[in-house]
Amino acid sequence: MPVIAVIGAQWGDEGKGKVVDLLAQKANMIVRFSGGDNAGHTVVNPHGEFKLHLIPSGIFYPHTICIIGNGVVINPAVLIDEIDQLNQCGVDTTRLFISDRANLIMPYHVLLDGLEEDLRAGKALGTTRKGVGPAFTDKAARLGIRTGDLLDKEALLERLRFVLDYKNIILTKIFGVSPLSPDEIYSQYYQYGKRLAPYIRETTIMVEEALNREEVVLLEGAQGALLDPDFGTYPYTTSSSPLAGGGCLGAGLGPTRISRILGVFKAYCTRVGAGPMPTELKDETGDLIREQAHEYGATTGRPRRCGWFDAIAARFSTRINGFTGAAITRLDILDSFAHLKICVGYKLDGKMIDYFPANVVTLEKCQPIYEELPGWQATTTHIREYEQLPPQARQYVTRLEELISCPVNLICVGPEREQAILKMPII
Ligand code: IMP
């Protein structure tokens with residue numbers, strides 16, 4: 001039985017939450033493997049509408065085990081709030097487990113995320129200011145505090161004092177703000193630890209056991225490939241790898257275990273935060289997409305930048321992830337357009353290029369070269385069979401398949417769980 005990685009193929013917000021919620025019907029375990037509460041996975045199902053920041057989108061099924069893997073950075077206050085909200089809506093969270101190796105987001109991470117962004121001024125990255133970047137920085141600097149540390153009172157206090165001595169020097173001497181109190185943070189995090197203790201486990205054993213039982217395990221990515229710190233639009237990226245390869249590291253399984261990699265692409269492009277986006281539409285068409293699709297950040301509420309589908313970026317994403325299939329989400333948003341455009345090349349210094357440049361200064365100079373396709377100007381939200389889609393919509397999907405070099409398995413035509421067209425089975 002397979003491990004299926006569900007990966008954001010663009011700049012995040014592709015609709016991974018909905019896809020995971022859908023696939024979780026047939027899965028036994030879902031492991032979230034990267035990012036933190038910078039993510040906001042929207043799920044609409046019979047329980048209501050939810051924006052999950054940390055808990056895997058499979059939590060709504062009574063049969064799925066949900067794991068927050070070691071690769072996620074966890075703000076315990078946000079997690080506890082999310083658990084409480086789900087419980088209040090009647091969703092059971094006793095099948096949720098948290099890796100004891102996941103790093104914690106501490107109050108100084110949130111503070112530093114804001115201070116560093118303010119210091120960057122005109123060059124700000126547009127982070128979500130949730131402390132995710134500073135927490136991953138500390139993980140690499142070996143200054144992190146992990147969920148497992150919450151379970152040992154004395155060790156937690158000792159570790160916190162050591163790290164906070166260092167952080168307070170940065171806060172006071174570099175940023176000129178007041179130092180943080182170790183005792184206050186300790187008593188707060190000790191309480192969080194007591195609350196989260198039943199969930200904290202060595203989760204790699206659980207994943208291995210599920211695989212030995214030949215169960216279906218989904219790896220739930222956060223953000224998108226073009227925000228990857230290595231392959232994204234660096235430095236305008238996030239701080240952990242959203243790629244399929246990141247799934248192995250962040251869930252604790254070997255690469256040979258992954259059998260399918262589903263890239264989730266929106267039928268057009270969006271981006272939130274700073275950094276280049278070659279197909280961005282700073283005109284009424286972009287505004288129309290934003291308003292029709294309500295493209296505002298699930299975590300920050302910021303308006304998302306909208307534009308046509310960028311097949312150059314998409315093909316790059318397929319290459320660095322090794323997608324075996326694709327999900328095209330929000331096709332219905334294009335229902336009203338008379339003509340659609342797909343970016344099939346970039347014009348750079350008078351020449352056409354067909355690759356995604358590594359350098360943001362170069363990428364900023366790239367002008368999209370478009371291919372135009374006819375729109376279908378018909379409602380698709382009620383359609384459940386691929387053959388029932390208007391011919392122009394099928395032509396659009398077929399062209400995307402050719403351009404991104406991977407077959408389309410799934411097409412989403414609305415936010416509800418059942419508003420989906422399974423073109424080819426995934427599980
Ligand atoms: P950070 O991950 O909060 O440090 O933000 C770095 C960049 O990634 C910013 O441009 C954010 O807008 C973007 N980003 C982070 N998480 C998400 C997400 O879940 N969806 C879309 N963009 C995101």
Side-chain angles (χ1 to χ4, degrees), residues 6-20 32-43 50-57 68 71-75 78 82 103 105 108-120 122-140 220-243 246 250 264-266 268-277 280 290 293-307 313 317 329-330 360 363-364:
V6 180
I7 304 296
Q10 294 156 319
W11 280 283
D13 310 316
E14 299 90 352
K16 297 175 288 293
K18 165 161 173 156
V19 172
V20 171
R32 170 78 194 268
F33 67 79
S34 68
D37 62 296
N38 47 357
H41 292 178
T42 306
V43 178
F50 299 87
K51 294 195 191 311
L52 298 173
H53 300 287
L54 287 165
I55 297 179
S57 306
I68 303 179
V72 178
V73 287
I74 298 175
N75 183 329
V78 174
E82 207 161 293
N103 276 246
I105 295 190
Y108 42 84
H109 292 137
V110 181
L111 192 57
L112 284 167
D113 203 353
L115 291 167
E116 286 168 359
E117 274 290 86
D118 292 344
L119 196 67
R120 289 183 198 116
K123 299 258 183 230
L125 305 177
T127 77
T128 57
R129 296 182 178 234
K130 300 289 178 189
V132 173
F136 278 114
T137 303
D138 274 2
K139 177 177 176 179
E220 178 174 353
Q223 288 85 45
L226 304 174
L227 290 172
D228 180 75
D230 281 275
F231 294 103
T233 51
Y234 190 86
Y236 298 97
T237 62
T238 192
S239 44
S240 64
S241 178
L243 305 183
V264 184
F265 295 86
K266 221 178 253 187
Y268 47 93
C269 271
T270 63
R271 172 165 202 169
V272 62
M277 174 182 172
E280 180 174 12
R290 183 179 312 102
H294 195 72
E295 289 290 0
Y296 292 87
T299 300
T300 58
R302 290 178 291 178
R304 294 181 186 138
R305 301 153 64 192
C306 299
S317 188
T329 62
R330 312 211 74 180
V360 280
L363 191 59
E364 286 284 9

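Residues: numbered from 1 along the sequence shown. Atoms within each ligand, like the ligands themselves, are counted from 1 in listed order.
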statement: salt bridge (charged side-chain N to carboxylate O under 4.0 Å, His left out) filter on Glu117, not counting sequence neighbours, yields Arg120
- line: By salt bridge (charged side-chain N to carboxylate O under 4.0 Å, His left out), Lys18 pairs with (sequence neighbours left out) none
message: Check this for me, if you would: do Lys51 and Asp37 make a salt bridge, where the nitrogen-to-carboxylate-oxygen distance has to be below 4.0 angstrom?
response: no
query: Does any donor atom in the side chain of Thr270 or Asp13 lie under 3.5 Å from an acceptor atom in the other side chain?
result: no
message: So if I only count non-hydrogen atoms and take anything under 4.0 Å from ligand 1, which residues does that give, chain by chain?
response: Trp11, Asp13, Asn38, Ala39, Leu125, Gly126, Thr127, Thr128, Gln223, Leu227, Thr237, Thr238, Val272, Gly273, Arg302
- prompt: So, do Val6 and Val264 sit near enough that their side-chain heavy atoms are less than 4.5 Å apart?
  reply: yes
Residues forming a side-chain hydrogen bond (donor to acceptor under 3.5 Å, both in side chains) with Tyr268, sequence neighbours excluded: Glu295
